[in-house]
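Note that this is a predicted model, so its numbers are computed, not measured.
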Amino acid sequence: MNSKWIVWSTCVSVLLFSLFFRLQVVQLDFGHATYYIDTKRFELHWIHSVEKEEWAEIYRLDKGELILTETYFKTFGAGVPSGAEVIASDDSFIHMKINQRLSEMNLTVSENVMTTIITDQSEIPLYKLTDDYETVNISVASLHIWDYIGGEFL
């Protein structure tokens, strides 16, 4: 009887844990498909349409939100944040501290600007996953363990 109680209480504990414990991931919703990235930090890269230089933004996950922590680029031009703090660097890029919280962002993806997400584990060319000028919604998702196991990760 004692061993049955231990097995039963262990099963209940595992079930309760799986019901309440969630894992935060980056969700990419293309409208026709949803993918996940298991990372707490990523960079969004593209080629600026006017300057034809690479631009990047660094994001991290925090409490169910995306935080744009920094942007970096080679030349000042259209779209440069005004009033942001410049961060010292010696890599030929201008780095600016942003720290803007976002619940989600809608991103128009284009092969012309080669919109790409870079994580520590991979490089994800978004422009190859959808048609030109389609919108991708990027947000934070909290997945149950069974959704995490069955999710489609890039």
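Here the side chain of Asp132 pairs a donor or acceptor atom with the backbone of Glu111 at under 3.5 angstrom. Under the 3.5 Å distance criterion, the side-chain polar atoms of Thr115 are left unmatched by any main-chain donor or acceptor of Tyr127. Checked by atom type and distance alone, the side chain of Thr39 never pairs as donor or acceptor with a backbone atom of Phe42 at under 3.5 Å.
A chain of hydrophobic side-chain contacts below 4.5 Å, direct or via other Ile, Leu, Val, Met, Phe, Trp or Tyr residues, connects Val136 to Met105. Ile118 and Leu66 end up in different hydrophobic clusters when Ile, Leu, Val, Met, Phe, Trp and Tyr side chains are linked at under 4.5 Å. Taking hydrophobic clusters as Ile, Leu, Val, Met, Phe, Trp and Tyr residues chained together by side-chain heavy-atom distances below 4.5 Å, Tyr72 does not share a cluster with Leu107. Grouping the Ile, Leu, Val, Met, Phe, Trp and Tyr side chains by contacts below 4.5 angstrom, directly or via other members, places Ile87 apart from Phe93. No single ILVMFWY cluster, assembled from side-chain heavy atoms under 4.5 Å apart, contains both Trp46 and Ile58.
Summarising the geometry, atom OG belonging to Ser139 is positioned 9.0 Å from atom CG belonging to Asn106; distances are rounded to the nearest 0.5 Å. With rounding to the nearest 0.5 Å, the separation of CD1 in Ile124 from CZ in Phe153 is 11.0 Å. Atom CD of residue Glu54 and atom NE2 of residue His48 lie 13.0 Å apart, to the nearest 0.5 angstrom. Atom CG of Asp38 and atom CG of Asp120 lie 11.5 Å apart (nearest 0.5 Å).
A 4.5 Å side-chain heavy-atom check between Val25 and Leu143 finds at least one atom pair inside the cut-off. Side-chain contact between Thr116 and Glu123: present, with at least one pair of heavy atoms (C-beta onward) separated by less than 4.5 Å. Looking at Glu134 and Val109, their side chains never come closer than 4.5 Å, going by heavy atoms from C-beta outward.
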For a side-chain hydrogen bond (donor to acceptor under 3.5 Å, both in side chains) check, start with the C-alpha distance between Asn112 and Tyr133, then their side-chain angles and the critical distance, and finish with the verdict.
CA-CA 9 Å; Asn112 293 332; Tyr133 301 106; 2.6 Å; yes
Assess the residue pair His95 and Glu70 against the criterion (side-chain contact (heavy atoms from CB on, under 4.5 Å)); give the C-alpha distance rounded to whole Å, side-chain angles, the decisive distance to 0.1 Å, and a yes or no.
CA-CA 7 Å; His95 292 252; Glu70 179 182 332; 2.5 Å; yes
For Lys97 and Thr69, run side-chain contact (heavy atoms from CB on, under 4.5 Å): C-alpha distance rounded to whole Å, both residues' side-chain angles, the deciding distance at 0.1 Å, then the answer.
CA-CA 6 Å; Lys97 184 177 181 179; Thr69 60; over 6 Å; no
Go through it in stages, so that I can follow the logic: the residues are Tyr59 and Glu57, the test is side-chain hydrogen bond (donor to acceptor under 3.5 Å, both in side chains), and I'd like the CA-CA distance, side-chain angles, deciding distance and then a yes or no.
CA-CA 7 Å; Tyr59 292 88; Glu57 295 177 336; 2.5 Å; yes
Would you sort out whether Val26 and Ile117 count as a side-chain contact (heavy atoms from CB on, under 4.5 Å), showing the intermediate values?
CA-CA 11 Å; Val26 176; Ile117 288 181; 5.7 Å; no
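No more than 12 heavy atoms of other residues, nucleotides or ligands shown are found within 6.0 angstrom of CE on Met114.
Annotation: Phe30 is in aromatic contact with Tyr35 [ring centroid separation under 6.0 Å].
The shortest heavy-atom contact between Ile94 and Lys74 is CD1-O, 3.9 Å. Across all non-hydrogen atoms, the minimal contact from Gln24 to Gly64 is NE2-N, 3.1 Å.
At a threshold of 4.0 Å, the pair Arg101-Glu65 counts as salt-bridged, since one of the basic side-chain nitrogens sits closer than that to a carboxylate oxygen. Residues Asp62 and Lys40 are not paired through a salt bridge, judged by the lack of any N-O separation under 4.0 Å between the basic side chain and the carboxylate.
Of the residues Leu129, Leu126, Thr34, the one that meets the side-chain contact (heavy atoms from CB on, under 4.5 Å) test with Leu28 is Leu126.
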